[in-house]
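Handing you this structure, nothing more for now.
Convention: sequence-line order gives letters A, B, ...; per-chain numbering from 1.
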2 protein chains.
Amino acid sequence: MTDPIAFAKAIADDTRQRIMKLCCCERLTVTEITAKMQLTQPTISHHLAILRDAGLVNIERQGRETYYSLNQTFLTVCCGTLMMQFAPNEHVTATVKQELLMPE
Amino acid sequence: MTDPIAFAKAIADDTRQRIMKLCCCERLTVTEITAKMQLTQPTISHHLAILRDAGLVNIERQGRETYYSLNQTFLTVCCGTLMMQFAPNEHVTATVKQELLMPE
DNA sequence: TAATCATATCGAAGATTGTCTATTTGTCAA
DNA sequence: TTGACAAATAGACAATCTTCGATATGATTA
């Protein structure tokens with residue numbers, strides 16, 4: 001579900017991290033995102049598809065527009081999984097890991 | 001220092017994550033790591049260099065052998081940075097983020 | 001219905017990456 | 001000092017990825 005390799009590949013690109021930052025705290029249409037970047041609309045759609053396939057964005061279709069926003073919860077879970085997998089000895093208490101893995 | 005793009009690129013590969021898992025909790029020589037994988041020694045060295053450049057492994061030269069081990073602390077810091085950057089609204093308390101960013 | 005707008009998909013060009021073999025560098029032992 | 005071993009580097013090739021222009025799909029408006 002939260003495959004560390006799929007997650008890492010999805011966020012391992014400058015363009016995608018810029019997109020993630022843009023729609024981190026608000027939902028934006030593809031056109032709005034495109035306007036804020038120096039890239040074409042098909043390129044933005046391509047990267048959004050990669051983020052979507054990784055489960056990293058929430059999607060809301062509304063008429064002919066599609067709103068994208070970052071799935072902060074899932075991202076946090078993925079980071080928690082990474083830490084559990086690769087930093088089991090690190091001084092982050094079990095409770096913290098727990099909190100990270102099941103936010104809310 | 002903890003560039004989220006450099007970090008993501010470093011861990012965005014199956015071979016590197018397998019190596020990370022191997023030397024997560026013990027230090028291993030290049031020969032030992034190579035023995036546990038189905039790849040050649042130069043390939044392993046190549047991936048170790050990428051992990052080294054990203055700051056993700058500790059290196060100890062000892063005679064003609066070189067021991068590698070995962071830098072769990074740095075990995076944890078990188079995950080913390082990711083969460084700070086992309087999940088500021090997530091219900092992980094500021095203290096937790098703090099703990100993640102300055103372990104110990 | 002026809003025209004327009006928003007987004008997705010296709011196919012191709014160029015760049016980047018992962019892996020290999022061959023070779024080099026550095027260290028230890030005989 | 002020579003031979004053997006450990007690890008790094010160089011160069012080549014195939015696979016993957018990013019980006020683009022062109023086009024298709026789907027929804028709204030005139």
Q: Quickly work out the B:Ile5 CD1 to D:dT18 C1' distance and round it to whole Å.
A: 14 Å
Q | Between P of C:dA8 and CD1 of A:Ile33, the distance in whole Å | A | 10 Å
**Q.** A:Arg52 side, atom CZ; A:Ile59 side, atom CD1 - distance, nearest 0.5 Å
**A.** 5.5 Å
Q) Expressed in angstrom and rounded to an integer, what is the separation of A:His46 atom NE2 from D:dT19 atom P? A) 8 Å
**Q.** Distance in angstrom units between A:Asp14 CG and C:dA15 P, rounded
**A.** 18 Å
Q) Nearest nucleotide by nearest heavy atom, which residue falls closer to the 5' end of DNA chain C, B:Arg16 or A:Glu65? A) A:Glu65
Q: Carefully, step by step, assess B:Glu32 and B:Glu26 under the rule side-chain contact (heavy atoms from CB on, under 4.5 Å).
A: CA-CA 11 Å; B:Glu32 289 170 327; B:Glu26 58 175 336; over 6 Å; no
Q. Which one, D:dT9, C:dA8, D:dT19, comes nearest to the side chain of B:Ser45?
A. D:dT9
Q) Whole-Å distance between C:dT7 P and A:Arg27 CZ? A) 12 Å
Q. Does B:Thr40 make a side-chain N or O approach to OP1 or OP2 of C:dC20 shorter than 4.0 Å?
A. yes
Q: Go through the steps to decide whether B:Ser45 and B:Gln41 satisfy the test side-chain hydrogen bond (donor to acceptor under 3.5 Å, both in side chains), and finish with yes or no.
A: CA-CA 6 Å; B:Ser45 273; B:Gln41 175 268 314; 3.1 Å; yes
Q: Could you tell me the separation between the CG atom of A:Leu51 and the P atom of D:dT18, rounded to a whole number of Å?
A: 10 Å
Q) For the pair made of CZ in B:Arg61 and C1' in D:dA6, what is the distance, rounded to whole Å? A) 12 Å
Q: Would you indicate, yes or no, if D:dT19 has its OP1 or OP2 atom less than 4.0 angstrom from a side-chain nitrogen or oxygen of A:Thr43?
A: no
Q) Is any N or O donor-acceptor pair between the side chain of A:Gln41 and the base of C:dA8 shorter than 3.5 Å? A) yes
Q) A:Arg64 side chain: which of C:dG18, D:dA22, D:dA27 is closest? A) D:dA27
Q. Between C:dT9, D:dT18, D:dA8, which one does the side chain of A:His47 approach most closely?
A. D:dT18
Q.
For a quick check of understanding: with a heavy-atom distance under 4.0 Å over all strands, which category does A:Thr31 fall into, base, sugar-phosphate or nothing?
A. sugar-phosphate
Q.
What's A:Thr66 touching, base or sugar-phosphate or nothing? Going by heavy atoms closer than 4.0 Å.
A. sugar-phosphate
Q | Atom pair CG (B:Leu56) and CZ (B:Phe74), whose distance is rounded to the nearest 0.5 Å | A | 6.0 Å
(Q) Both A:Gln62 and A:Ile50 contact DNA chain D. Which one's nearest nucleotide lies toward the 5' end? (A) A:Ile50
